[in-house]
Amino acid sequence: GPLFGVQTEMKGPEYLEYNIAGRSWFERLSYNTGTMYLCGIILGGSFGFVEGLRNAPSTKFNIRLNAILNKSGRRGSRLGNALGSVAFLYSLVEGVQESVQLERYTSGFDWAPPMIAAGTTGLIYKSTQGPKTMAVAGGIGAAIAAG
């Protein structure tokens, strides 16, 4: 019989669409950025909590609580924004690589696209600090991606 009075003419099971290639680049970008932002807020906030607890100017509860909240907010937001920005840039560079089909040119070298994306991310992230710092950040990113 009809469910809730709605007639259906389904002859078989209804399947959800599934992308064999995985998530789209925008889904990966959103997921990576949000995950890294959350991790940064948690890690930075934890570090700020300990720092505020140790460096409180007084043993009074209200003063100590204020120091903890100030340090947690400062450290958590900075690290969250930094990690979220890096994840955003990395995912964006990966999306560009996917759209220009970099795999065609690096076939057989599965390690190359992540290393290129990480190196490029480091270069872009530190682009305001000068060429020497850009080169170091790009090298660190490529080295991390190389494992």
Side-chain angles (χ1 to χ4, degrees), residues 6 8 10-147:
V6 177
T8 59
M10 297 292 297
K11 301 273 193 267
E14 183 177 341
Y15 296 104
L16 298 175
E17 290 184 28
Y18 177 70
N19 184 0
I20 293 175
R23 294 185 175 132
S24 70
W25 74 270
F26 186 73
E27 289 177 39
R28 288 192 314 261
L29 181 136
S30 300
Y31 175 78
N32 292 342
T33 303
T35 301
M36 293 308 292
Y37 180 74
L38 181 64
C39 288
I41 284 182
I42 291 170
L43 290 174
S46 300
F47 180 73
F49 178 84
V50 172
E51 187 180 23
L53 197 59
R54 287 185 182 161
N55 299 333
S58 174
T59 58
K60 290 184 180 180
F61 176 75
N62 288 342
I63 306 266
R64 186 167 276 196
L65 179 64
N66 188 32
I68 289 171
L69 291 175
N70 285 340
K71 294 289 184 177
S72 295
R74 181 177 299 132
R75 297 288 185 179
S77 64
R78 284 184 182 174
L79 187 60
N81 287 335
L83 291 180
S85 298
V86 168
F88 178 84
L89 288 172
Y90 181 81
S91 299
L92 192 64
V93 171
E94 266 192 337
V96 169
Q97 286 180 351
E98 190 176 296
S99 68
V100 298
Q101 298 177 350
L102 185 69
E103 299 86 29
R104 287 190 306 175
Y105 307 109
T106 61
S107 60
F109 300 104
D110 293 338
W111 51 267
M115 273 185 65
I116 293 170
T120 305
T121 298
L123 288 172
I124 295 170
Y125 185 71
K126 288 294 183 177
S127 64
T128 60
Q129 303 296 316
K132 195 180 290 186
T133 307
M134 285 173 58
V136 170
I140 289 172
I144 289 172

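For clarity, every value in this text was computed on a predicted model and none was experimentally measured.
With sequence neighbours excluded, the residues satisfying side chain to side chain contact (heavy atoms under 4.5 Å, CB included) with M134 are L123, S127. Residues satisfying the side chain to side chain contact (heavy atoms under 4.5 Å, CB included) test with V93, not counting sequence neighbours, are Q97, A117, T120, T121, I124. Scanning for salt bridge (Lys or Arg N to Asp or Glu O under 4.0 Å) contacts around E27 gives an empty result, with sequence neighbours left out. Taking the side chain to side chain contact (heavy atoms under 4.5 Å, CB included) definition, one finds that Y125 meets it with A82, S85, V86, L89, sequence neighbours left out. Not a single side-chain hydrogen bond (donor to acceptor under 3.5 Å, both in side chains) links Q129 to another residue, sequence neighbours left out. Taking L79 as the reference, L43, L83 meet the side chain to side chain contact (heavy atoms under 4.5 Å, CB included) condition, with sequence neighbours excluded.
Between atom CG of residue L92 and atom CG of residue N32 there is a gap of 11.5 Å, rounded to the nearest 0.5 Å. Note that CD1 of I63 is 12.0 Å distant from CD1 of I68, once rounded to the nearest 0.5 Å. Put simply, OH on Y37 and CD1 on I42 are 11.0 Å apart, with the number rounded to the nearest 0.5 Å. The distance from atom OG1 of T33 to atom CG of L38, rounded to the nearest 0.5 Å, is 12.5 Å. Note that the CE atom of M36 and the OH atom of Y31 stand 10.5 Å from one another [nearest 0.5 Å].
Residues S72 and G45 approach most closely at OG-O, 3.3 Å, considering heavy atoms. Closest heavy-atom contact between A118 and A145: CB-CB, 3.6 Å. L29 and F88 make their closest contact through CD2-CE1, 3.6 Å (heavy atoms, listed as atom of the first residue, atom of the second, distance). In terms of heavy atoms, G95 sits closest to W25 at CA-CB, 4.0 Å. Here the closest heavy-atom approach between residue A67 and residue P57 is recorded as CB-CD, 4.4 Å.
Counting only residues at least two apart or in different chains, salt bridge (Lys or Arg N to Asp or Glu O under 4.0 Å) contacts with residues 59-79 comprise E51-R75. A salt bridge (Lys or Arg N to Asp or Glu O under 4.0 Å) check over residues 83-101, counting only residues at least two apart or in different chains, returns the pairs R28-E98.
Proximity of a side-chain donor or acceptor of N81 to a complementary backbone N or O of S77 within less than 3.5 Å is detected.
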